[in-house]
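To keep things clear, I will list the structure first and then write my remarks on it.
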There are 2 protein chains.
Amino acid sequence: MVNTLRTIPLFTVERLSIYLRTFRESLVEGMDFISSTEIGKRNDFTAAQVRKDLSCFGNFGIKGKGYNISELINTLETILGLDREWKVAIFGLGKLGGALASYKGLKNARFNVVAIFDVDPKKVDKTYKNIPVYHSDMLKKVVREKKIQIAIVAVPTDSAKATIQRILDAGIEGILNFTEARVPYPDEYIMKNINLAGELESISYYLIHSDR
Amino acid sequence: MVNTLRTIPLFTVERLSIYLRTFRESLVEGMDFISSTEIGKRNDFTAAQVRKDLSCFGNFGIKGKGYNISELINTLETILGLDREWKVAIFGLGKLGGALASYKGLKNARFNVVAIFDVDPKKVDKTYKNIPVYHSDMLKKVVREKKIQIAIVAVPTDSAKATIQRILDAGIEGILNFTEARVPYPDEYIMKNINLAGELESISYYLIHSDR
DNA sequence: GTTTAATTGTGAATTCTATCACAATCTATT
DNA sequence: AATAGATTGTGATAGAATTCACAATTAAAC
């Protein structure tokens, strides 16, 4: 029985791109089929978890053999929405914003960076890696014209909250936030926060509080 | 009753740095006390969750009033291990590695980048932002001499797996991995994976599969 | 002082996730 | 075509995390 999309566990969704990557990797290695055990081994998951996750979307496995790798790559790409092009804007052309704008993995994965926003007069109205750089005041206009769907936020801490609020106001519903600001947002939006200091702090916690 | 550290929920630990940031922010705003409700409001958590999280470590709150902000800042810094200096190495001096090495938030938070590793002869044996750059072959020696405790991995995809394996072999027990490689590791180590493409892919998933 | 309002800390209930364990079924071999 | 071995899909179970709900306590107002 196939789960309806409404009831897919959040944690399953987070793992889908890991599965996709594993399938791609094993395809490169020349494999045709891969078992849940092997997928689990490569990612430190139990085999049962892999099977349960994939079974949310259909019965893709063949008993006694495993999963057809190229079939599952297509399936997961469709499920994840990678069968279309996404229009992405980067906010903040500092070191991190520049690194993200240069990252080739994005375009390969069909996340197309079509605009960069900054407030520095020395940067705006030029291009960076062939991507036009706009002043942040142009946000609403550019978003509307270019139909931007996803924002990546890499502005300095002190302007982070205001920037994110303006992105929400402009109606961009998908946000990947690299700043330490955390801003409440409506249900129909999706925001993922990546906080470098926070990650290091929890690593610090675990290094202290494990018996070793 | 105070929880023993052994039984702190993983998710609580992840939220501690968010609480710390909230306390610092409210201190700057001139507040002395803050309630669980207000902490929750600022971060989209329920008040009950905030109270339960903080109560893992002691009874810090004052009924009718809330939490003493400067006391909690000190407490959380101690719990998270921010009362000491951590020695960090960055692996890979590309755009992302460079951005991370330049990030001032790290040093402020007592994560001190004392070494950068790369394989490019044009980069090694020089300094970057006053940080010495070593050839990756020097890994074990430098780690031993500088007592490096945390590794941040920002190397290209194709060398990621091998790099992480060598970091594990060198005995660095805390790893923050910005590559898409996922490498199984022993229990006493702690590795956190940050995967840009993966985050965007799950944003893509939610944008498609929400009724709107 | 007394009262009212605010807020904590926490057991109990609920919801969400992961694992177990095994029948069902497919492959591969002979 | 019969058998042995591998692997899936999933109901049942166990485990984790979150929320509820309220007694207990403190602050603040008068």
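Note on naming: letters A, B, ... go to the chains in the order of the sequence lines (proteins, then strands), and numbering restarts at 1 for each one.
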Notebook entry, point to check: Which of residues 15-26 of chain B have a heavy atom under 4.0 Å from DNA chain D?
Noted result: B:R15

Taking [atom1] from [X] and [atom2] from [N], how many angstroms apart are they, rounded to a whole number?
{"X": "A:I39", "N": "D:dA6", "atom1": "CD1", "atom2": "C1'", "result": "15 Å"}
{"X": "B:N43", "N": "D:dT18", "atom1": "CG", "atom2": "P", "result": "14 Å"}
{"X": "A:F57", "N": "D:dT8", "atom1": "CZ", "atom2": "C1'", "result": "17 Å"}
{"X": "B:L10", "N": "C:dA18", "atom1": "CG", "atom2": "P", "result": "12 Å"}
{"X": "B:D53", "N": "D:dA16", "atom1": "CG", "atom2": "P", "result": "16 Å"}
{"X": "B:F11", "N": "C:dC16", "atom1": "CZ", "atom2": "P", "result": "14 Å"}
{"X": "B:Q49", "N": "C:dT15", "atom1": "CD", "atom2": "P", "result": "16 Å"}

Item checked: Donor-acceptor pair under 3.5 Å, A:K52 side chain vs D:dT10 base ->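 No such pair is found, so the answer is no.
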
Note to self: Which residues pass the ring pair (Phe, Tyr, Trp, His ring centres under 6.0 Å) test with B:Y134, not counting sequence neighbours?
What the structure shows: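 With sequence neighbours excluded, B:Y134 shows a ring pair (Phe, Tyr, Trp, His ring centres under 6.0 Å) to B:F117, given in chain and number order.
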
NA contact type, [X], heavy-atom cut-off 4.0 Å: base, sugar-phosphate, or nothing?
{"X": "B:F45", "result": "nothing"}
{"X": "B:F60", "result": "sugar-phosphate"}
{"X": "B:S36", "result": "sugar-phosphate"}
{"X": "A:L54", "result": "nothing"}

Per the salt bridge (Lys or Arg N to Asp or Glu O under 4.0 Å) rule, what does the pair list look like for [range], sequence neighbours excluded?
{"range": "residues 75-104 of chain B", "answer": "B:R24-B:E77"}
{"range": "residues 40-58 of chain B", "answer": "B:R15-B:D53, B:E25-B:R42, B:E29-B:R42, B:E38-B:R42"}
{"range": "residues 141-157 of chain B", "answer": "B:K141-B:E145"}

Margin query: Between A:R21 and B:R182 (side chain of the first, backbone of the second, donor and acceptor by atom type, cut-off under 3.5 Å), is there such a pair?
Written below: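 Checking the backbone N and O of B:R182 against the side chain of A:R21, no donor-acceptor pair under 3.5 Å is found.
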
Note to self: For the backbone of A:L200 and the side chain of A:S204, can you confirm whether one donor and one acceptor N or O come within less than 3.5 Å of each other?
What the structure shows: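 Not a single qualifying donor-acceptor pair exists.
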
With the criterion being N/O to N/O and under 3.5 Å, what pairs connect the protein with nucleotides 21-27 of chain D, and how long is each?
from   : atom 1 : to    : atom 2 : distance (Å)
D:dA21 : N6     : B:R51 : NH2    : 3.3
D:dT26 : O4'    : B:K63 : O      : 3.4

Item checked: Interatomic distance, B:Y205 atom OH to A:L76 atom CG [nearest 0.5 angstrom] ->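 CG of A:L76 is found 11.0 Å from OH of B:Y205.
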
Contacts of type side-chain hydrogen bond (donor to acceptor under 3.5 Å, both in side chains), residue [X], not counting sequence neighbours:
{"X": "B:E14", "answer": "B:K192"}
{"X": "B:T22", "answer": "B:N43"}
{"X": "B:S70", "answer": "B:N68"}
{"X": "B:K65", "answer": "none"}

Notebook entry, point to check: With side chains defined as the heavy atoms from C-beta onward, is the minimum distance between B:F45 and B:S36 less than 4.5 Å?
Noted result: no

Margin query: Angle between the two end axes of the helix from C:dG1-D:dC30 to C:dT30-D:dA1, five base pairs per end, rounded to 10 degrees?
Written below: 30°

Next item on the list: Please list, by residue number, the residues of residues 67-75 of chain A whose heavy atoms come closer than 4.0 Å to an atom of DNA chain C; answer none if no residue qualifies.
Entry: none

Checklist line | C:dA18 OP1/OP2 closer than 4.0 Å to side-chain N/O of A:T46 | finding: no

